[in-house]
J.: 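Encoded as structure tokens, here's the structure I'll be asking about.
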Amino acid sequence: MSKVSRPRTAAERKERLYRILDALSLRYPNVTCALNHADAWQLLVATILSAQCTDARVNMVTPELFRKFPTMQDLAVADVREVSEVIRSTGFFNNKAKSIVGAARTIIQDFGGEIPRTIEQLLTVPGAARKTSNVVLGTAFGIPSGVVVDTHVGRIALRLDLTKETNPVKVEQDLMKILPQNRWILFSHQLIHFGRELCVARKPRCGECPIEGLCYAKDKAVL
DNA sequence: ATCCCGAGGG
DNA sequence: CCCTCTGGAT
């Protein structure tokens, strides 16, 4: 595959975007969240744990965590040091343990023990900023509150020139403008899988890429 | 802008 | 050794 002509008009950019979306859906038709969870609470906890950590590592610690602390109430009254010991291998364990215990307390005290269904409310929960909130609302409840911008989505959006921003909040704003709302949730999951197996950070496998013909990141050396 | 922080890959 | 992994709070 040789050089790729860049779209000049809005119509051409839209056409290119939809080719990208079609190719992603062809390769990842029914992808969903890779964090194991039984309900919205467990998904929130798993997502907090996933910061700067692989999903495989998170899935190794959550079974023990939810065995020792089966319910939100159990974690609300848990010893933070005890929680941090269980989740140690995920890194940032002191901050994450505080967030998890604080989240349990906040949700019980402020929301009657129910995970909030609006992003405004969810953002008041310790450890839940836009990325985590979008994961929980989108995956657990099917509510498209935004586009999940994690390390993969941010990197690939930049490589595909879907944004010029590096700030995740700004990247999300750009993606929300160009993507149809009914694709927000699926798009995020697709890019996360795509970023894990092909469009990896260090040495992307462009030779196996289904959208190589729609990408011009190679000659830009974007990270 | 800085700090938090372990584990795996290259 | 250095880089990366489904970030968030200060």
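Order of the sequence lines fixes the chain letters, A, B, ..., with proteins taken first and strands second; residue numbering starts at 1 for each chain.
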J.: Can a side chain N or O of A:Thr151 be found less than 4.0 Å away from OP1 or OP2 on C:dC5?
T.: yes
J.: Taking only the side-chain heavy atoms of A:Ala51 (C-beta and beyond), determine which of B:dA7, C:dG7, C:dC5 contains the nearest atom.
T.: C:dG7
J.: Roughly how many Å apart are C:dT10 and B:dC5, using the P atom of each and rounding to a whole number?
T.: 14 Å
J.: How long is the line joining CE of A:Met60 and C1' of B:dG6, in whole Å?
T.: 12 Å
J.: Please give, in whole Å, the distance from C:dC5 C1' to A:Leu191 CG?
T.: 16 Å
J.: Report yes if at least one side-chain N or O of A:Arg130 is closer than 4.0 Å to OP1 or OP2 of C:dG7; otherwise report no.
T.: no
J.: Taking the side chain of A:Arg57 as heavy atoms from C-beta outward, which of C:dT6, B:dG8, C:dA9 is closest to it?
T.: B:dG8
J.: From the list C:dG7, B:dG6, C:dT6, which nucleotide is the closest neighbour of the side chain of A:Thr132?
T.: C:dG7
J.: Indicate whether any N or O donor in one side chain lies under 3.5 Å from an N or O acceptor in the other, for A:His37 and A:Thr47.
T.: no
J.: If you assign A:Ala56 and A:Ser99 each to the DNA chain C nucleotide with the nearest heavy atom, which residue ends up on the more 5' nucleotide?
T.: A:Ala56
J.: Give the nucleotide from the list B:dG8, C:dT6, B:dC4 with an atom nearest to the side chain of A:Phe92.
T.: B:dC4
J.: Stepwise, does the salt bridge (charged side-chain N to carboxylate O under 4.0 Å, His left out) test hold for A:Glu197 with A:Arg27?
T.: CA-CA 12 Å; A:Glu197 68 175 23; A:Arg27 187 175 183 101; 3.1 Å; yes
J.: Consider the side chain of A:Arg202, meaning its heavy atoms from C-beta on, and name the nucleotide among B:dG6, B:dG10, C:dT6 that approaches it most closely.
T.: B:dG10
J.: Quick one: A:Asn94 CG to C:dT10 C1', roughly how many Å, whole number?
T.: 15 Å
J.: So, applying salt bridge (Lys or Arg N to Asp or Glu O under 4.0 Å) with A:Glu172, which one of A:Arg130, A:Lys177, A:Lys131 is it?
T.: A:Arg130
J.: Assess the side chains of A:Thr71 and A:Asp74: does a donor N or O sit below 3.5 Å from an acceptor N or O?
T.: yes
J.: Which part of the nucleic acid does A:Pro168 contact within heavy-atom distance under 4.0 Å: base, sugar-phosphate only, or nothing?
T.: nothing
J.: Assess whether a salt bridge exists between A:Asp110 and A:Arg105, defined as any Lys/Arg side-chain N lying under 4.0 Å from an Asp/Glu carboxylate O.
T.: no
J.: Across the strands shown, which category fits A:Ala46 at heavy-atom distances under 4.0 angstrom: base, sugar-phosphate, nothing?
T.: nothing
J.: Specify the separation, in whole Å, of atom CG of A:Asn167 and atom P of C:dG7.
T.: 14 Å
J.: Can you check the A:Ile192 CD1 to C:dC5 P distance for me, whole Å?
T.: 11 Å
J.: Scan A:Thr90 against the nucleic acid and name what it touches under 4.0 Å (heavy atoms): base, sugar-phosphate only, or nothing.
T.: nothing
J.: Return the value, rounded to whole Å, for the distance between atom CG of A:Asp150 and atom P of C:dT4.
T.: 14 Å
J.: Verify whether one side chain among A:Arg183 and A:Ser25 offers a donor that lies under 3.5 Å from an acceptor in the other.
T.: yes
J.: Between C:dT6 and B:dA1, how far is it from one P atom to the other, in whole Å?
T.: 25 Å
J.: In this structure, how many angstroms lie between the C1' atom of C:dG8 and the NZ atom of A:Lys131, rounded?
T.: 11 Å
J.: Side chain of A:His152 only, heavy atoms from C-beta on: which candidate in B:dG8, C:dC5, C:dG8 is closest?
T.: C:dC5
J.: Figure out the NZ/C1' separation between A:Lys96 and C:dA9, and round it to whole Å.
T.: 14 Å
